[in-house]
Number of protein chains: 2
Amino acid sequence: MSQPQFKNWQAIQDEVLRRIHAREWPPGHVIPGEVDLAAEFGCARATVNRALRTLAEAGILERRRKAGTRVALHPVSRATVDIPIIRQEIEERGSAYGYRLVSRETALPPARARIMLCPDTPAPCLHVRALHLADDSAYTLEDRWISLTTVPEAADQAFDRISPNEWLVTTAPFTHGDIAFGAAAATAEEAGLFETETGAPVFVIDRTTWDHARAITTVRLVYAPGYRIHTGIGG
Amino acid sequence: MSQPQFKNWQAIQDEVLRRIHAREWPPGHVIPGEVDLAAEFGCARATVNRALRTLAEAGILERRRKAGTRVALHPVSRATVDIPIIRQEIEERGSAYGYRLVSRETALPPARARIMLCPDTPAPCLHVRALHLADDSAYTLEDRWISLTTVPEAADQAFDRISPNEWLVTTAPFTHGDIAFGAAAATAEEAGLFETETGAPVFVIDRTTWDHARAITTVRLVYAPGYRIHTGIGG
DNA sequence: CGCGATATTATGTATAGACATAATAATCTG
DNA sequence: CAGATTATTATGTCTATACATAATATCGCG
């Protein structure tokens, strides 16, 4: 009974994972309650709770009050992707960061951006397109619409030295956002910038951010061919 | 002083977020210690700890022992992406799931797969290619190499009714993995399956999973044109 | 003044006990 | 027997206290 005494929540988590992988607790199996496990492991219930709660957040376990804790039937692999500031991302690759403003104008946003920024009544927005370079070659093209009703200060910014990407994170923090990854065909202009052919597959990120109920900005990031988002998954 | 009494950790988290967004605590600012906040909010330190720890995990705060807690300078947006079983993903879209085995053979893996599965000495692996359909139209093509040294049972599986994707999650659970998102050009065969043209941009997921030190499988999922991974980010 | 030993401090975590909450099981009632 | 009510139960969370740990600040000494 008295196992070698699991004293911290990580050790308990490891032991639970071991039992799952060793098929002692197969998928769908309802595992003992927190009090039982605490007694078995010789620790407080709160410690077991921390271990199991963390595993539930990772998608390994499913917990429901009264019903108990069971091993997930279909352990979805939950990957957490960090999307840093572009300059930071390039510098962390060991490359020299470069920036070039492509265009900047105030206009009524097209349908796709309008739906995100001002769904009720069309309002003028700032449209900025800028190129981020890594070691003098094009890394990503930032095509951004900024709501001038939410961030009127943006109208005073030239964006010729500092990118909207960088300016916004320190100026207009968001409460929540919405992000999508996809693939697209390079336009003629993009193909020219990335030194590839029109229609070449490029990786695309679409992101919109809000401050409470008010939309701040919506951006499309088109990356150079070959770009990949890479991360680990822990089960 | 005595604010309207924040009693649970979520309320404290909301209040901390409010102060950050209201610029009371600007980026880089060192916020009061846990004991001080506990006194101000009229709750236990553990409650404050839970609130701040969760915010640190989300990337909003940066905490270091002795140094204290500060508002992150560059709040990276951390998106958590759920990658479910393909059948489940299709059914949750409200589509009818279909499956078709394309090819199945035992062979020595090519360089890309060999590096992941058996970096030391080449070993025969099972190569399965299968098509997942949503409402009778191609949804994703699964191109998978399975290590027969780690999962010898796979040799007995025909994979003509059940996909490797689904069989593996319930048979060979992984301890950790590695995942990458990218864009690629459709091959002639893929273009035929997806009813598009050769070279069309397609979204691709490459994933490799391990059971401790032994590689289980490496898979490339090629999605139909227009496919997007979508998720939210909470700041 | 430089450098290593020591003190300080904020976070990290464990514990026992208590109450809250949600979901199920059991029971009562018409 | 159906439907509403109550009891039970496992998780969720809070509290107060204690000790652990890591990083910094300070002190003492050559």
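Any value given below was found using the heavy atoms of this structure, including those in side chains, with hydrogens, waters and symmetry copies removed. Bear in mind the structure is a predicted one, so any value in this text is a computation, not a measurement.
Nucleotide C:dT11 holds its P atom 11 Å from the CG atom of B:L61, rounded to whole Å. In this structure, the NZ atom of A:K66 is 9 Å from the P atom of C:dT24, given to the nearest Å. The interatomic distance linking A:E34 (CD) with C:dA14 (P) rounds to 14 Å, in whole Å. Rounded to a whole Å, the CD atom of B:E57 is 12 Å from the C1' atom of C:dG12.
Nearest to the side-chain atoms of B:R53 among the listed nucleotides C:dT24, C:dA20, C:dT13 stands C:dT13.
Taking every heavy atom of residues 44-51 of chain B and every atom of DNA chain C, pairs under 4.0 Å involve B:R45, B:N49, by number.
Nearer to the 5' terminus of DNA chain C, by closest-nucleotide assignment, is the contact made by B:R64 (compared with the other of B:R64 and A:A67).
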After noting the C-alpha distance and the side-chain angles of B:E89 and B:R93, does the key distance pass the salt bridge (Lys or Arg N to Asp or Glu O under 4.0 Å) rule? CA-CA 7 Å; B:E89 183 180 341; B:R93 289 168 72 109; 5.2 Å; no
Worked verdict on A:T217 versus A:R144 for side-chain hydrogen bond (donor to acceptor under 3.5 Å, both in side chains): CA-CA 7 Å; A:T217 181; A:R144 185 182 293 272; 3.2 Å; yes
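In this structure, the side chain of A:D211 does not engage the main chain of A:R214 through any donor-acceptor pair within 3.5 Å.
Residue B:N165 holds its CG atom at 10.0 Å from CZ of B:R87, rounded to the nearest 0.5 Å.
A donor-acceptor contact closer than 3.5 angstrom links the side chains of A:H230 and B:D178.
A 4.0 Å heavy-atom criterion places the boundary nucleotides of DNA chain D facing chain A at D:dT8 to D:dT13, written 5' to 3'.
Contact record, A:P32 with A:L37: O-CD1, 3.7 Å, taken as the closest heavy-atom pair. What you find for A:K7 and A:T47 is that their closest heavy atoms are O-CG2, 4.2 Å.
Residue A:L61 is tested with A:L17, A:T54, A:L55 for a side chain to side chain contact (heavy atoms under 4.5 Å, CB included); the sole match is A:L55.
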